A.B. asks: 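Below is one structure. I have some questions about it.
Everything numeric here is computed off the predicted structure, so don't read it as measured data.
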2 protein chains.
Amino acid sequence: MTKKPKKRRGRPELRTENALDRAQIVAAALALIDREGLEGFSLRQLARHLGVFPTALYWHLPGGRNELLGDVAATAFHNVARPFKLGDDWASWLRELFRRYRHSLHRHPNIAPLLGAQLVSNSGVNPDLVEQILTVLESAGFSGPRLIDAYNAVVAAMLGFVTLELAPVPDEDPTDWAVKFEDSIRSLDPGHFPHLTKYMNLMANRAFIVRWESGSRNPMNSGFELYLETVIAGLRSLAGG
Amino acid sequence: MTKKPKKRRGRPELRTENALDRAQIVAAALALIDREGLEGFSLRQLARHLGVFPTALYWHLPGGRNELLGDVAATAFHNVARPFKLGDDWASWLRELFRRYRHSLHRHPNIAPLLGAQLVSNSGVNPDLVEQILTVLESAGFSGPRLIDAYNAVVAAMLGFVTLELAPVPDEDPTDWAVKFEDSIRSLDPGHFPHLTKYMNLMANRAFIVRWESGSRNPMNSGFELYLETVIAGLRSLAGG
DNA sequence: ACCTGAACACCGTTCAAGT
DNA sequence: ACCTGAACACCGTTCAAGT
């Protein structure tokens, strides 16, 4: 009954009662990564933002940095999969899944490396998504070991394009790097690179390997759509097999 | 004319004349990453192996860590693309490209995150590869803006699957993590996850999201092959468009 | 030209101690 | 139960100085 809410009232973040819980830490981490990027992110900086000592985080996340990043990565999968009812069109369902996943990551582009390139993201992932993809592919005509192969192809396709699209630029002075890189691209010899130079205005900074900005600044929409249709057309033609 | 090869003869790595050049540093870095992984890799450790001070590396690689990793990543593309002659079958050429790239990365699985998830890899990449893919896709029937979309789809497909397949396991005590993760997968409710539990023996540790080992220990061969055929069949059906 | 050496401003994590 | 506080063993990078 004795209330004492006046403790530590000079603090920047007002930490009434028990300030920290796991969800709050994860949310703050995501916000920090959104602003600073993954390279600039550290537990110590996060702790500073939360108004606690770095070591306090270990009580809530015994696994430390990896556990935290696993939880952060899992948020990208929230609400990407819609319900699939028997009789629904599998291709439409897959299209929507791919687009919603991509949209979700474009809202937090800096976590893209976590999803594509670190198995850590597994731990937090909802098995519902796995179950649904299997259901949809069965309805598309796959079964047995081939169904599992198709499942792997679909997951790789869903994550792969976006991981690459949103791959971060080097963290050094980005304009220097961009200028230097653009120069080297634009000065290629048309004799040796006829197609590349012919299509330069369509490709410069818009195509993999010859771009100097990430997809977060330069979305690759039409490339993604063609990729998506490629995968769906391919699955359709292999479904009978 | 005065030869003095006896300098510093007590050193572990015998550094005759000028010990360091860029190529040597890159090779040593790759070897170190192969053994320790990307997380365990540091410039200081690399310098120790080379018998120099960490700061010596900056004379050869002014861009520091990023420049070094860019060069390391570029080695994955060496000799993946075969020559393409007019009249050759574009599908066969693409098949070989994908397989050779995958094979190249399986020899250095720890650098996979650099290629998929960091734009830094661009700097060292050979524009020949770009030119060749454009040539092949034109021969497959693509042209104009759609050719560029197809190019982006092909690059994303080539890099995407392998990046995911070789995504590294968390660096903490790996067996602990694996056991814990396997338990959580195997104890899923068949009522709620009928397909996933039905296919568990085919999927456990062999399919994305429900595996606890990287593709470097557990290659996903049949998944890759179906993915490859999916992309090729899809491109074939969209080439007319 | 090529490398040493000291210094700066950081990291993640462990462990004991406080309340 | 939840957090502080000190300590450990590291980082990448800059800058001046040596040869």
A.B. asks: Could you tell me the separation between the CZ atom of B:R102 and the CZ atom of B:F161, rounded to the nearest 0.5 Å?
C.D. replies: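 Between B:R102 CZ and B:F161 CZ, I get 6.5 Å after rounding to 0.5 Å.
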A.B. asks: Which dot-bracket string describes DNA chain D (Watson-Crick N1-N3 plus N6-O4 or O6-N4, or G-U N1-O2 and O6-N3, all under 3.5 Å; [ ] crossing; | other strand)?
C.D. replies: ||.|||||...|||||.||
A.B. asks: Write down the distance separating the P atoms in D:dA9 and C:dA9, rounded off to the nearest Å.
C.D. replies: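 Going atom to atom, P in each nucleotide, I get 23 Å.
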A.B. asks: Is there a side-chain polar atom (N or O) of B:H60 under 4.0 Å from OP1 or OP2 of C:dC3?
C.D. replies: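 For B:H60, the contact criterion (side-chain N or O under 4.0 Å from OP1 or OP2 of C:dC3) is met.
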A.B. asks: Would you mind telling me which of B:E213, B:E182, B:R211, B:R217 makes a side chain to side chain donor-acceptor pair (under 3.5 Å) with B:N205?
C.D. replies: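 Exactly one candidate clears the test, B:E213.
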A.B. asks: Is B:E131 reaching over with its side chain to a backbone N or O of A:H192, donor-acceptor style, under 3.5 angstrom?
C.D. replies: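 It does not hold such a pair.
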A.B. asks: Could you state the atom-to-atom distance from CG of B:L50 to C1' of C:dC2 in whole Å?
C.D. replies: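 In whole Å, C:dC2 C1' lies 14 Å from B:L50 CG.
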A.B. asks: Rounding to an integer number of angstrom, what distance separates D:dC2 and C:dA16 when you compare their C1' atoms?
C.D. replies: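 Going atom to atom, C1' in each nucleotide, I get 15 Å.
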A.B. asks: Is a side-chain donor-acceptor pair under 3.5 Å present for B:E165 with B:H106?
C.D. replies: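 Checked: B:H106/B:E165 side chains pair up, N/O donor to acceptor below 3.5 Å.
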A.B. asks: I need a per-nucleotide contact map over nucleotides 6-19 of chain C, read 5' to 3'. Cutoff is protein heavy atoms under 4.0 Å; write B for the base, S for backbone only, - otherwise.
C.D. replies: BB---BBBB-----
A.B. asks: Between B:N152 (side chain) and A:F208 (backbone), is there a donor-acceptor pair under 3.5 Å?
C.D. replies: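 Yes; judged by distance alone, with no hydrogens or angles, the pair exists.
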A.B. asks: What verdict does the side-chain contact (heavy atoms from CB on, under 4.5 Å) test give for B:R99 and B:F224, after you've listed the backbone C-alpha separation in whole Å, the side-chain angles of each residue and the deciding distance to 0.1 Å?
C.D. replies: CA-CA 9 Å; B:R99 288 185 185 134; B:F224 174 76; 4.1 Å; yes
A.B. asks: Is it the case that atom CG in B:D183 sees more than 12 heavy atoms from other parts of the structure closer than 6.0 Å?
C.D. replies: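 For B:D183, atom CG is crowded (more than 12 foreign heavy atoms under 6.0 Å).
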A.B. asks: Using whole Å, what does the distance between atom P of nucleotide C:dG5 and atom CG of B:L57 come to?
C.D. replies: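 The distance from CG of B:L57 to P of C:dG5 comes to 15 Å, rounded to the nearest Å.
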A.B. asks: Just wondering, more than 12 heavy atoms not from B:N201 lying within 6.0 Å of its CG?
C.D. replies: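 Enclosed: over 12 neighbouring heavy atoms sit under 6.0 Å from CG of B:N201.
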